[in-house]
Amino acid sequence: MKKKLKVMSLFSGCGGMDLGFLLAKHPELEYEIIWANDFDKDACATYKKNFGHDIVCGDIWNVNLDDMPKCDVIVGGFPCEDFSILRGDKRPGFKSKRGILYTKFVEAVAKKLPLFFLAENVKGLLTMNKGWAIKKIKQDFERVDHVGYDVTYQLIKFADYGVPQLRERVIIVGVRKDLDMEFSFPHPTHKHNHVSAAEAFRNVETVKLNNEKLRTFPSTEQKLMQIPPGGNWRDLPSKAHKNWMSLIYKRLHPDKPSPTIVACGGGGTWGYHYKEPRPLTNRERARIQTFPDDFEFIGSTTEIRRQIGNAVPPLGIKPIAEQLLKMVNREIGLFKFIKTEKHEKYLYSNPPV
C-alpha cells in the first residue's frame, strides 16, 4: 500500500490543481486531499461533484486556520486578477484586498508547517511593482516562524508539458528548511512537440457533458468567416478598434496549441473554433485545460466558463507534483523523524511501524 501525503487545498476553484496532484504517479507515494476551500458557490458545487468529498465554501478571510487539519502539503492558486498583465497599468496588485490574499496562504503554511507547498499565479506577478511583488511574497514564505522555507519560482509554459495551450503561469515551490531537501523543476516533456488544438478536440463532439454550442449572432459569424484559423480581429477589413487585444475574435489554429483560455470578458473573448464560425463550447475549453471528459462542471454557461478559465490545467501541474514526490522519496526516504527545538512531528501522516 502506498504511503499518503495529506494535502490541504486553498483557493481550490473547481479543482484543477488538486486533480493534477491526484493524477501524479509514484511507486511508493501518493497524494490525498484532506481539506479544501473556495468562496465561489458554483466552483464548490463542481468540486463536490467530482472529488467525492466536501469543500469548505466561504471567504478564507472568515476561515479559522487553527481548525484546519494537519497536513504534509499545502497547494493553491491565490487569486490572480490583480496581478494579470491583461489589466495593464490598472493592476492594483498589493493595493487591493484580493492582492494580499496570498498572506492567508502564508498564514496557513506558518500554522501547519507542511513539508512543502506549491502556489500558482499569473505571469504578471513577476513584473508587478517592478519585481517587488514576487520578492515580497518569496521573502514572506522564507521567514515563516520556527523553520522557514527554501523558496523557488519559475515561469512555466504549460504547452511544454503537454497542455494544448500557450498558457504561462508562475509556480512557486517552498520546501521546509529543516528537511534539507532541494527541489528542481522537471524538464519539459513537449518543448519541441506541442499538442495541437486539433489533437485536443479529437472526438470531442461525442462528449455530452458541458458541450452545448452557444447561440452566435449572425454578425459574429460574418466576422469569423473573414478570419482565418489562427487569426483575430486584425484580419477584418475594418480595423477601427486599434486598441483591441489580440484575443478579440481569436480563432484557434488546428496545428498549434490554443491561446490562453480566459475566465471572463465581453464579446469576442470566448475563443473561437478553427473550422466552424462559432465560439468554443465549454467542453472544448475544458479539453484545452486538460480536464477529463467525465469531469462535470456545475453552473450557468458563463459561470462554467469562469471556472475553466481560472483553473490550473491538471496535466500541466501533474509533472511538478510528481517531481515533488521524487524529491521526497530520494532525499529522505519514506520515513524520517524530524525533531527541532520548536517543532516535532512525523514528516508523514503514516508513522513508522
Set of side-chain contact (heavy atoms from CB on, under 4.5 Å) partners for T206, sequence neighbours left out: N203

Holding to ring-ring contact (aromatic ring centres under 6.0 Å, His included), I want the full list of residues that pass it with F21, two or more places apart in sequence or in another chain. Y31

Listed partners of E168 passing side-chain contact (heavy atoms from CB on, under 4.5 Å), at least two apart: K123, L155, K157

Quick one: list whatever passes ring-ring contact (aromatic ring centres under 6.0 Å, His included) with H273, sequence neighbours left out. F201

Those residues at least two apart in sequence (or on a different chain) that pass salt bridge (Lys or Arg N to Asp or Glu O under 4.0 Å) with K213 are E276

Salt bridge (Lys or Arg N to Asp or Glu O under 4.0 Å) partners for E221, two or more places apart: none

With sequence neighbours left out, what residues match R251 under salt bridge (Lys or Arg N to Asp or Glu O under 4.0 Å)? none

Can a donor-acceptor pair be found, under 3.5 Å and without considering hydrogens, that links the side chain of D40 to the backbone of G13? no

Sequence neighbours left out, cut at 3.5 Å: what donor-acceptor pairs do the side chains of residues 47-55 make with other protein atoms?
residue : atom : partner : partner atom : Å
Y47     : OH   : D18     : OD2          : 2.6
N50     : OD1  : E296    : N            : 2.9
N50     : ND2  : T46     : O            : 2.7
N50     : ND2  : E296    : O            : 2.8

Ring pair (Phe, Tyr, Trp, His ring centres under 6.0 Å) partner of F141, the single match among Y153, F105, F78: F105

Restricting to pairs with a member in residues 294-319, which pass ring-ring contact (aromatic ring centres under 6.0 Å, His included), not counting sequence neighbours? F291-F295, F291-F297, F295-F297

Decide, yes or no, whether a salt bridge links E284 with R287 under the criterion of side-chain N to carboxylate O below 4.0 Å. no

For L65, check side-chain contact (heavy atoms from CB on, under 4.5 Å) against everything at least two apart and list the hits. V63, M68, K104, E107, A108, K111

Just to verify, what does P313 make a side-chain contact (heavy atoms from CB on, under 4.5 Å) with, not counting sequence neighbours? F158, V163, R167, Q289, T290

Quick one: list whatever passes salt bridge (Lys or Arg N to Asp or Glu O under 4.0 Å) with K135, sequence neighbours left out. none

